[in-house]
Amino acid sequence: MNALTSVNSDSVAADAALVDDWHVIAFSKEVPQGKIVSATLLGEDLILWRDESDRVHVWKDLCIHRGARLSKGWITKDTVVCPYHGWRYDGSAKCVLVPAAPDQPPPLKARAFPHIVEERYGMIWASLGEPKHSVPTFPEWDDAEFRKFNAGPYFFKANGFRSVENFIDATHFPFVHAGLNGVEDAPDKLEDYSVYEDESGLQTSEIRVFQPYGDHRQVPVNATYVYRVFRPLVAYFSKGVEIPDPARKHLGGDSDRFCTFLTAQPVDEVNCIIRLCVAINFGAELTEEDILRRQDKVFAQDRDIVETQRPERIPVDLRAEIHHRTDKFGLAYRRWLSALGVSYGTA
Amino acid sequence: MTVVVTGACDGCRYTDCVTVCPVSCFRGDDRMLYIEPTECIECQACIPVCPAQAIFDEDDLPPELKVWTSINAERASALPVVSEKQTPLKTDC
């Protein structure tokens, strides 16, 4: 179950920019064969299930017969069974059995409502419309030097754009992540940085900060971030991590990097689910538990602050909140959302 | 509503303002800077850093300086962006 809320019929319609885009709605491991999983995307309730050929299906959580939720049903003989009258739908979304009339072919109109699906980076991506872009590229995914770990899901009772903007913000570290990503009593002065835009989205130049526990090795590092936003709800950073302490420098190398690919599932305008794929090219001794321990802690801290932000919907009117020069990337993000025609989830 | 550069910048052009502006809305000629009102987000970051006290929120303009609102709008639209610190025209402003 990854649906935070039950959505009623008068929920706000999402913009084409979000409907015609890919969104992560589950990790692949959350959808084993034989199980129906619920999700809500942009206010639409969905089911996910994996057939015997390992193909994942994402359908509207609705049986066309009498409007019951398929998520209350079950899998039998590689079909989804509606819990109300037992109608069965196969992987082509076609109804293959009406149990009350087993000798007749089911009506042709008896079909589930499928959406398109892809599995990438251990994540299940779906679109409610027709995506105008492919699933964003995680730059380190095909690089064998990097070990990858999925982290999350993290349930934020907060707007997806606010949550992404928090992820691409380097000035909250000393306060929200004191002792981990920054030092409260000695916050880094952020040097001016640049923001670039191209067809793949937005990107910063390098941003340098000191972090007492900047990666999973629990050693102080000089961190150099490059942030990117690929899509409105998909962001990324590549963080170079250099150990400055001569006595511990041998614990790392010159090209150590810790990269994070973040997706925010917009459950609705004010709830989202964060999922990560983390890639590191150092610390062969680090276990998945080591990785997740730190990620879980950082994102719990993020959640606690982002859930307090008001208005809940991100303001795209740049005069509605104050933007400091150091917020240049967040500002560019809001301006970009506006230019893409996003109004769902914005104020 | 916007933020306005006034005549105290003329011949001074210290340009500390452009280093704090988050939206690069300053324009300049060879004597002074102006703010492009359609781009200014009214964060007022530039006001306290101006050593000549040349920058005002439009609402706070003294009556004799109100003319600068339209001068900024007219001049800014025809001038290039100034987003990096320049050598001041004088050093005692």
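All figures in this text were calculated on a predicted structure; none of them were measured in a lab.
- Using a 4.5 Å cut-off between heavy atoms, A:His323 touches chain B through backbone and side chain atoms alike.
- There is no contact between B:Thr2 and chain A, counting heavy-atom distances below 4.5 Å.
- Both tests do not hold together for A:Arg303 against A:Phe155: distance to the six-membered ring centre under 6.0 Å, angle to the ring axis within 45°.
- Contact count versus chain A (heavy atoms, under 4.5 Å) is highest, among B:Cys43, B:Ala45, B:Cys40, B:Pro22, for B:Pro22.
- Within the 4.5 angstrom heavy-atom criterion, atoms from both the backbone and the side chain of A:Leu318 approach chain B.
- The aromatic rings of A:Phe230 and A:Phe261 lie tilted to each other, with the angle between the two planes from 30° to 60°.
- Between A:Arg334 and A:Glu321, at least one side-chain nitrogen of the basic residue sits less than 4.0 Å from a carboxylate oxygen of the acidic one, meeting the salt-bridge criterion.
- Between A:Tyr227 and A:Tyr225, the ring planes lie parallel to each other; the angle is under 30°, not in the 30° to 60° tilted range.
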